[in-house]
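Remarks on the structure that follows.
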Protein chains: 2
Amino acid sequence: MAGTTLRDVAKRAGVSIRTVSNVVNGSVPVSDELRTRVEAALEELDYRPNLVARNLRRGRTGMIALVVPELDVPYFAELAREVITAARAHGYVVMLDQTDGDGERERELLGRESRATMFDGLLLSPLTISAEELRSRTNKVPVVLLGEHIFNGDFHHVAIDNIAAAREATEHLLGQGRRRIAAVGDQPYSTGETAQLRTIGYGQALERAGVAVDEDLVVPTPRFHRRFGAEAVERLLALPHPPDAVFCYNDLLAIGAMHALTRAGVRIPDDIAVIGVDGIQEGRYSSPALTTIAPDKARIAHTAVSTLIAVIEGTAPPPAESKAPYRLVVRESTAGRAATT
Amino acid sequence: MAGTTLRDVAKRAGVSIRTVSNVVNGSVPVSDELRTRVEAALEELDYRPNLVARNLRRGRTGMIALVVPELDVPYFAELAREVITAARAHGYVVMLDQTDGDGERERELLGRESRATMFDGLLLSPLTISAEELRSRTNKVPVVLLGEHIFNGDFHHVAIDNIAAAREATEHLLGQGRRRIAAVGDQPYSTGETAQLRTIGYGQALERAGVAVDEDLVVPTPRFHRRFGAEAVERLLALPHPPDAVFCYNDLLAIGAMHALTRAGVRIPDDIAVIGVDGIQEGRYSSPALTTIAPDKARIAHTAVSTLIAVIEGTAPPPAESKAPYRLVVRESTAGRAATT
DNA sequence: GCGCCGGTTTGCAACGATGCAGAGATGATG
DNA sequence: CATCATCTCTGCATCGTTGCAAACCGGCGC
């Protein structure tokens with residue numbers, strides 16, 4: 001059952017192990033005669049290098065780990081796709097794990113029993129773990145963070161400018177003449193930093209437009225899932241003065257929100273406009289199609305992977321946050337039937 | 001940069017390497033005195049076992065690979081989630097890769113340069129690779145197939161009964177009084193086996209109901225993506241006698257179809273009912289919510305992982321196909337506003 | 001003919017861990 | 001008191017590969 005080893009091939013070809021290795025790796029010149037013999041033997045025995053042994057010797061595995069909260073959340077699935085693609089372009093493969101938003105699981109990653117020694121580096125999209133914990137527990141494994149959760153200068157990290165993105169989203173709604181704009185997805189507690197940034201951006205836009213923030217219109221949600229978007233909308237519709245637009249902090253919330261609005265007989269965007277963040281594919285084909293702030297996931301993945309590999313190779317500049325580009329994609333949910341894309 | 005090794009700890013604690021190993025693994029009894037000393041040293045030096053070395057020695061990596069066509073397709077993302085969870089329960093981690101439906105990529109997996117030696121086993125959701133290719137190239141890596149693509153007896157494989165599932169979907173529509181039922185997603189060429197099975201089930205249901213198959217209503221699509229569902233519907237609506245229901249071979253097609261129908265002003269389900277397959281979360285919050293045949297992904301993942309591990313450990317029965325359960329989830333797209341879940 | 005050179009080929013050690021068998025120490029047994 | 005069993009603890013070999021440096025070889029210049 002065990003595979004063919006260099007030794008087997010060497011014996012068969014009548015050369016030293018080292019020569020076979022040289023042929024396989026092509027790094028050192030080998031005479032035509034031996035090369036031919038060795039190649040024949042490789043073929044006959046169907047040799048496959050044992051990568052575990054090679055990795056041990058080389059001190060590199062060619063694997064990075066990507067850890068996201070939930071893979072069935074489209075944003076993370078789409079991001080994972082890009083990360084895998086980017087990693088492949090650099091000759092790396094990706095081990096994928098999910099934390100289910102469980103802090104324990106995130107901590108495990110860095111603990112004694114973690115598999116961290118199997119990876120050259122770690123891409124982490126943290127949900128609940130704090131900066132200090134991360135700093136103290138990082139076992140010298142190169143880490144690049146995805147998303148905004150931790151923003152002190154200790155880690156490389158790649159994210160969009162959440163404040164600006166939220167501001168733009170809100171301004172887009174204001175530009176449509178909306179004035180009672182709800183914000184769905186706030187998380188006013190320690191691990192909700194991304195959400196809090198978006199609330200700040202939302203507030204900035206309102207302020208600049210001279211619109212007062214109505215606290216009733218800022219609805220927190222425990223997670224960024226469809227059902228919480230729906231629940232939030234139900235609460236908003238029950239207000240004495242319901243909103244005329246809803247800025248959801250991600251597309252899933254927005255889709256849940258639209259679902260609830262549609263059920264309630266509210267017309268989108270005529271009565272209430274909806275905008276999300278994430279640019280997931282689902283939003284293109286929802287009814288109505290969802291306007292969204294779409295981060296450039298390919299760029300995020302590419303930057304994150306490149307940075308991580310630079311850290312691995314020791315050629316990285318000091319930790320810094322890298323702002324990823326995003327764009328406003330206007331579709332039916334805010335623009336009426338004249339929409340695009 | 002390199003981590004602390006057993007040797008370092010041994011030196012520090014004044015014991016042999018082997019003893020440290022014994023403490024770490026806990027397999028062999030160690031006296032309290034030494035244990036204490038060793039544990040202190042482990043702590044002080046922050047020792048982490050080098051898993052690459054351990055794997056080399058043990059001949060196991062504790063990793064399995066999951067290869068799907070596209071991770072940004074919700075079905076695969078949701079399945080991947082379950083696979084990762086199931087694998088974790090068995091102490092395995094998952095390397096994830098995607099083939100983009102590219103046969104070359106699938107073949108690479110099994111080629112000389114593949115990383116297969118890094119995994120104990122492979123879960124493959126094949127899209128284009130043929131049974132023969134797979135058989136001839138499999139390098140003794142334990143493999144379990146997901147989905148219906150290959151169904152001869154050479155491989156373990158886990159899937160729903162596609163014929164029966166398609167029949168039930170169609171029967172559900174028939175049961176609603178629909179008679180002109182379109183089928184969207186046929187793939188009448190060599191690598192479209194799953195689709196072909198669904199077409200068979202569709203035909204069976206019609207036949208049993210005494211409804212003739214109208215070839216105009218069977219629309220092939222190159223892939224199972226939203227846009228092809230939309231395109232198919234556009235073609236169907238252009239027919240002299242449009243359908244009164246659409247059975248889409250997966251949920252993404254169905255969502256694309258509903259999008260196109262809604263845009264065309266067609267009422268769902270009043271004018272045309274829509275049903276999909278896959279039971280993705282997206283369908284719960286689409287407008288209208290999508291009726292679907294939902295395979296039990298957790299079961300599929302669990303069965304696949306268990307089987308794979310059995311193969312790895314040499315305790316597996318001979319290759320067989322395992323039929324996974326599924327259920328019909330009725331929502332608004334076929335049932336009107338009285339829907340559930 | 002000798003020494004040196006460049007290009008090949010090789011053996012040995014090492015990556016860091018575990019399997020195995022044996023060495024010590026301890027206590028029980030006759 | 002000698003013998004033996006038991007329990008710890010240790011050293012060595014090994015997993016399959018690659019880095020290193022030395023050995024080898026034919027040919028060339030002097």
Charged N to carboxylate O under 4.0 angstrom, A/Glu78 versus A/Lys297? yes

In whole Å, I'd like the distance from the CZ atom of A/Arg48 to the P atom of D/dC15. 21 Å

Numerically ordered, the residues 9-22 of chain B set in heavy-atom contact under 4.0 Å with DNA chain D is B/Val15, B/Ser16, B/Arg18, B/Thr19, B/Asn22

C/dT18 phosphate, OP1 or OP2, under 4.0 Å from B/Arg54 side-chain N/O: yes

Considering only heavy atoms and no angle criterion, is a donor-acceptor pair shorter than 3.5 Å present between the side chain of A/Arg57 and the base of C/dA14? yes

Check DNA chain C against residues 24-40 of chain B and give the residues with a non-hydrogen atom under 4.0 Å, in numerical order. B/Asn25

So which heavy atom on B/Leu123 is nearest to which on B/Val305, and how close? CD1-CG2, 4.1 Å

Please evaluate residues B/Glu104 and B/Arg107 with respect to the criterion salt bridge (Lys or Arg N to Asp or Glu O under 4.0 Å), reporting the C-alpha separation (whole Å), side-chain torsions for both, the decisive distance (0.1 Å), and the verdict. CA-CA 5 Å; B/Glu104 218 33 72; B/Arg107 255 159 254 135; 3.3 Å; yes

Is there a side-chain contact between A/Glu70 and A/Arg223 in this structure, where contact means two heavy atoms from C-beta onward sitting under 4.5 Å apart? yes

Would you mind reading off the distance between B/Arg58 atom CZ and D/dC15 atom C1', rounded to a whole angstrom? 13 Å

Atom CG of A/Leu51 and atom P of D/dC15 are separated, to the nearest Å, by 18 Å

Ignoring hydrogens and geometry beyond distance, is a side-chain donor-acceptor pair present between A/Arg18 and A/Asn22 at under 3.5 Å? yes

Are any non-hydrogen side-chain atoms of B/Met63 and A/Met118 less than 4.5 angstrom apart? yes

Round to a whole Å and report the spacing from CZ of B/Arg7 to P of D/dC12. 13 Å

Any donor-acceptor pair under 3.5 Å linking the side-chain atoms of A/Thr194 with those of A/Asn162? no

Decide whether B/Thr19 and B/Ser16 meet the rule of one side-chain donor and one side-chain acceptor closer than 3.5 Å. yes

B/Leu6 atom CG is separated from D/dA13 atom P, nearest whole Å, by 19 Å

